[in-house]
Amino acid sequence: MENMQLAQRIRAFRKLKGYTQQELASGCGISLTVLGAIERGNRLAEDRTLAKIAEVLGISVEELANK
């Protein structure tokens, strides 16, 4: 369940910041397929990927993960 909440938060922050999946994926250096799987909760984001997503979105990993 925790992974699904993280997936929803990533998607929500991405939309809030006005990024498409393609723009966020490109900015993070990951494929659109990988980002889509992360946002659907089908794939766990590695720590460095999560850090890069947070960096591109201009937020902290803690805020993204709601810790």
Side-chain angles (χ1 to χ4, degrees):
M1 186 63 182
E2 183 179 323
N3 187 47
M4 200 59 191
Q5 288 175 333
L6 177 59
Q8 290 170 350
R9 289 181 64 79
I10 291 170
R11 176 174 284 168
F13 273 111
R14 174 180 60 78
K15 289 182 176 185
L16 182 68
K17 300 290 182 165
Y19 286 99
T20 65
Q21 279 188 325
Q22 184 63 60
E23 290 169 336
L24 182 56
S26 294
C28 294
I30 60 176
S31 73
L32 178 59
T33 305
V34 169
L35 180 60
I38 290 170
E39 283 194 359
R40 287 189 304 277
N42 296 337
R43 179 179 181 143
L44 284 172
E46 297 174 7
D47 288 342
R48 63 188 159 103
T49 302
L50 198 56
K52 191 64 179 171
I53 290 171
E55 179 185 328
V56 171
L57 293 175
I59 59 176
S60 68
V61 173
E62 290 77 20
E63 187 176 5
L64 186 59
N66 198 25
K67 290 185 179 180

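If you read the sequence from its start, that first residue is 1, and numbering goes on from there. Just so it is clear, the structure is predicted and the values come from calculations on it, not from any experiment.
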**Q** How far does CD1 of I59 sit from CD1 of I10, to the nearest 0.5 angstrom?
**A** 8.5 Å
**Q** Can you tell me how far apart CG (D47) and NZ (K52) are? Round to the nearest 0.5 Å.
**A** 15.5 Å
**Q** Could you pull out the closest heavy-atom pair between A65 and L6, with the gap in Å?
**A**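 The answer is CA-CD1, 4.0 Å.
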**Q** How long is the span from the CZ atom in R40 to the CG atom in L35, to the nearest 0.5 Å?
**A**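 Between R40 CZ and L35 CG, I get 9.0 Å after rounding to 0.5 Å.
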**Q** What are the two closest non-hydrogen atoms of Y19 and V56, and how far apart are they?
**A** OH-O, 3.3 Å
**Q** Flag the pair T49 / V34 as yes when at least one side-chain heavy-atom distance between them is below 4.5 Å, and no otherwise.
**A** no
**Q** Where is the tightest heavy-atom contact between A7 and G41, given as atom of each residue plus distance?
**A**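 In this case the closest contact between A7 and G41 is CB-N, 3.7 Å.
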**Q** On a heavy-atom basis, which atom in R9 and which in L64 lie closest, and how many Å separate them?
**A** NE-O, 2.9 Å
**Q** Is the shortest heavy-atom distance from the side chain of Q21 to the side chain of R11 under 4.5 Å?
**A** yes
**Q** Do you know which two heavy atoms are closest between L32 and Q22, and how far apart they sit?
**A** CD2-OE1, 3.5 Å
**Q** Could you tell me whether the side chain of K17 reaches within less than 4.5 Å of the side chain of L24, counting heavy atoms only?
**A**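 Result no, sub-4.5 Å side-chain heavy-atom pair not found.
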**Q** Are V61 and I38 joined in one hydrophobic group, where the rule is that I, L, V, M, F, W and Y side chains link up if heavy atoms are under 4.5 Å apart?
**A** yes
**Q** How many angstroms lie between CD1 in I53 and CD in E46, if you round to the nearest 0.5 Å?
**A** 10.5 Å
